[in-house]
K.L.:
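Here it is, the structure, as structure tokens.
Numbered from 1 within each chain, the chains take letters A, B, ... in sequence-line order.
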2 protein chains.
Amino acid sequence: MGLQKPKPDVYQAIADPTRRQMLLLLQDAGELPLKEVTPHFSMTRAAVSKHLHILSDAGLVRERKVGRETRYQMNPDPLLELRRWLAYFDLYWENKLNALRLLVEEPETQTQTQEHLERQPDNGGLKPFFGGDSGI
Amino acid sequence: MGLQKPKPDVYQAIADPTRRQMLLLLQDAGELPLKEVTPHFSMTRAAVSKHLHILSDAGLVRERKVGRETRYQMNPDPLLELRRWLAYFDLYWENKLNALRLLVEEPETQTQTQEHLERQPDNGGLKPFFGGDSGI
DNA sequence: AAATTAGGATACCCTATGGTATCCTAATTT
DNA sequence: AAATTAGGATACCATAGGGTATCCTAATTT
């Protein structure tokens, strides 16, 4: 069983929009070396590398050395921590969620929202009592 | 109930642990003036005020003036943005999630993962196809 | 009216963060 | 072997962020 990393704050890792975008990019692309991540952003290779390391420190990205290049892959597990935290506020939403969802989803999305509105959202079966701390 | 302001970044607002704590505090307490929020933290009134304003800018806290004091109240609505963003990664979890849950809730049954997850693939009614801030 | 109190507003300090530029190494290619 | 390439490592800069101290105002209390 692999042990998990020190976890340098997921919250802060995703605070930066660039890094959020990187996660999405990696999610789509699967696994990319620095060289191929870089052109997606308007900053230097070094900057991209830094961001990737921050993501890596937070456990959101896994590195794998292949030859002289390091390939980066998404690992969303630490985001479970976020989910867990968000679950604290579910109680607040449960009542107004329906009304709110209309406002939120409407703008540019076609929605067949109504259907799954009924089934009460909850947090996907996640309970706020286990440590969503990656490592699996 | 109208939608919130231009939205000065929820992600960044919750990046700070103090502010996260404030949200939880306000969630419990309901509505508090600065004076009563302050003693919960080991920093000056001014610092607390700053944090509250950041939360307020992000729409996570609502201010209400009562006499000379301003009372602050939690408003978790902007966190839906986060939920929405998190939903992007639900697909990644769907396979692992149940395994994890089994590990946590019932350490012995971890072998039955596969059949389990076909039944409970949902992410709490949140769909992964809109949201985020993407951009570039 | 005078004194007190809540808390907004500045001004300022220090550190963290995002970024570039530059150099250095180790694989790869020719 | 020589040249090229990927990307790590520093050094450095500018700005944003958390924090305190201080002053200022407007309600409240006496």
K.L.:
Salt bridge between A/Arg71 and A/Glu69, side-chain N to carboxylate O under 4.0 Å?
P.N.:
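Answer for the salt bridge query: yes.
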
K.L.:
Heavy atoms only, 4.0 Å cut-off, all strands: where does B/Phe41 land among base, sugar-phosphate and nothing?
P.N.:
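Nothing: the residue B/Phe41, judged by heavy atoms under 4.0 Å, touches no strand.
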
K.L.:
Tell me: CE of A/Met43 to C1' of C/dA21, nearest whole Å?
P.N.:
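Roughly 16 Å, once rounded to whole Å.
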
K.L.:
Give me the one residue out of A/Arg62, A/Gln27, A/Met22, A/Glu31 that meets side-chain contact (heavy atoms from CB on, under 4.5 Å) with A/Met74.
P.N.:
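The side-chain contact (heavy atoms from CB on, under 4.5 Å) with A/Met74 is passed solely by A/Gln27 among A/Arg62, A/Gln27, A/Met22, A/Glu31.
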
K.L.:
What is the nucleic acid contact for B/Gln12, judged by heavy atoms within less than 4.0 Å: base, sugar-phosphate only, or nothing?
P.N.:
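Sugar-phosphate, backbone atoms only, no base.
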
K.L.:
Ignoring backbone atoms, establish whether A/Thr70 has a side-chain N or O less than 4.0 Å from OP1 or OP2 of D/dG7.
P.N.:
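So the side-chain polar atoms of A/Thr70 never come under 4.0 Å of the phosphate oxygens OP1 or OP2 of D/dG7.
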
K.L.:
Can you tell which of D/dA21, C/dG7, C/dT20 lies closest to the side chain of B/Pro33?
P.N.:
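Ranking D/dA21, C/dG7, C/dT20 by closest atom to the B/Pro33 side chain puts C/dG7 first.
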
K.L.:
Could you check which of D/dG7, C/dG8, C/dG18 has an atom nearest any side-chain atom of A/Ile54?
P.N.:
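Of the candidates, C/dG18 comes closest.
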
K.L.:
Check this one for me: any side-chain N or O of B/Thr44 less than 4.0 Å away from OP1 or OP2 of D/dG19?
P.N.:
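False: B/Thr44 side-chain N/O out of range (4.0 Å or more) of D/dG19 OP1/OP2.
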
K.L.:
Would you compute the distance between atom OH of A/Tyr88 and atom CG of B/Leu23 and round it to the nearest 0.5 angstrom?
P.N.:
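That separation rounds to 13.0 Å.
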
K.L.:
Can you find an N or O donor on one side and an acceptor on the other, under 3.5 Å apart, linking the side chain of B/Lys50 with the base of D/dG17?
P.N.:
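It does not, because no donor-acceptor pair links the side chain of B/Lys50 to the base of D/dG17 below 3.5 Å.
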
K.L.:
Verify whether one side chain among A/Glu63 and A/Ser56 offers a donor that lies under 3.5 Å from an acceptor in the other.
P.N.:
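Checked: A/Glu63/A/Ser56 side chains pair up, N/O donor to acceptor below 3.5 Å.
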
K.L.:
Can a donor-acceptor pair be found, under 3.5 Å and without considering hydrogens, that links the side chain of A/Ser49 to the backbone of A/Arg45?
P.N.:
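No; zero donor-acceptor contacts below 3.5 Å.
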
K.L.:
With a 4.0 Å cut-off on N to O distance, would you call B/Lys50 and B/Asp57 a salt bridge?
P.N.:
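Looking at B/Asp57 together with B/Lys50, the answer is no, because their closest N to O distance does not fall below 4.0 Å.
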
K.L.:
Using a 4.0 Å heavy-atom cut-off across all strands, classify A/Arg71 as base, sugar-phosphate, or nothing.
P.N.:
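The residue A/Arg71 makes no contact with any strand.
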
K.L.:
Between C1' on D/dT5 and NZ on A/Lys65, what's the gap in Å once rounded to a whole number?
P.N.:
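Going from A/Lys65 (NZ) to D/dT5 (C1'), I get 13 Å.
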
K.L.:
Just by distance, do the side chain of B/Arg20 and the backbone of B/Ala15 share a donor-acceptor pair under 3.5 Å?
P.N.:
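Present.
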
K.L.:
To the nearest Å, how far apart are A/His53 NE2 and C/dG18 P?
P.N.:
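Atom-to-atom, A/His53 to C/dG18, this comes out as 14 Å.
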
K.L.:
Does C/dA21 have OP1 or OP2 sitting under 4.0 Å from an N or O in the side chain of A/Arg45?
P.N.:
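Indeed not, no polar side-chain atom of A/Arg45 lies that close.
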
K.L.:
Please state how far atom NE2 in A/His51 lies from atom P in C/dG18, giving the value in whole angstrom units.
P.N.:
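A/His51 atom NE2 is separated from C/dG18 atom P by 6 Å.
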
K.L.:
Starting at the 5' end of DNA chain D, what dot-bracket string do you get if Watson-Crick and G-U pairs under 3.5 Å are bracketed, crossing pairs use [ ], other-strand pairs use | and unpaired bases use dots?
P.N.:
||||||||||||||||||||||||||||||

K.L.:
Any donor-acceptor pair, under 3.5 Å, between the side chain of B/Arg68 and the base of C/dT5, if you only look at N and O atoms?
P.N.:
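Answer is yes: a donor-acceptor pair is held.
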
K.L.:
Using atom OH of A/Tyr72 as one end and atom P of D/dA6 as the other, report the distance to the nearest whole Å.
P.N.:
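Going from OH in A/Tyr72 over to P in D/dA6 covers 13 Å.
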
K.L.:
Specify the separation, in whole Å, of atom CG of B/Leu34 and atom P of C/dA9.
P.N.:
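Whole-Å distance recorded here is 12 Å.
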
K.L.:
To the nearest Å, give me how far apart CG (A/Leu52) and C1' (C/dG18) are.
P.N.:
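One finds 14 Å between C1' of C/dG18 and CG of A/Leu52, rounded.
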
K.L.:
Would you say the side-chain atoms of B/Asp77 pair up with the backbone N or O of B/Leu60, donor to acceptor, closer than 3.5 Å?
P.N.:
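Not confirmed, B/Asp77 side chain does not pair with B/Leu60 backbone.
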
K.L.:
How many whole angstroms separate atom CD of B/Glu36 from atom P of C/dT5?
P.N.:
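About 16 Å, once rounded to whole Å.
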
K.L.:
Look at B/Ser49 and C/dG8 and indicate whether a side-chain polar atom (N or O) is within less than 4.0 Å of OP1 or OP2.
P.N.:
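For C/dG8, OP1/OP2 do have a side-chain N/O of B/Ser49 under 4.0 Å.
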
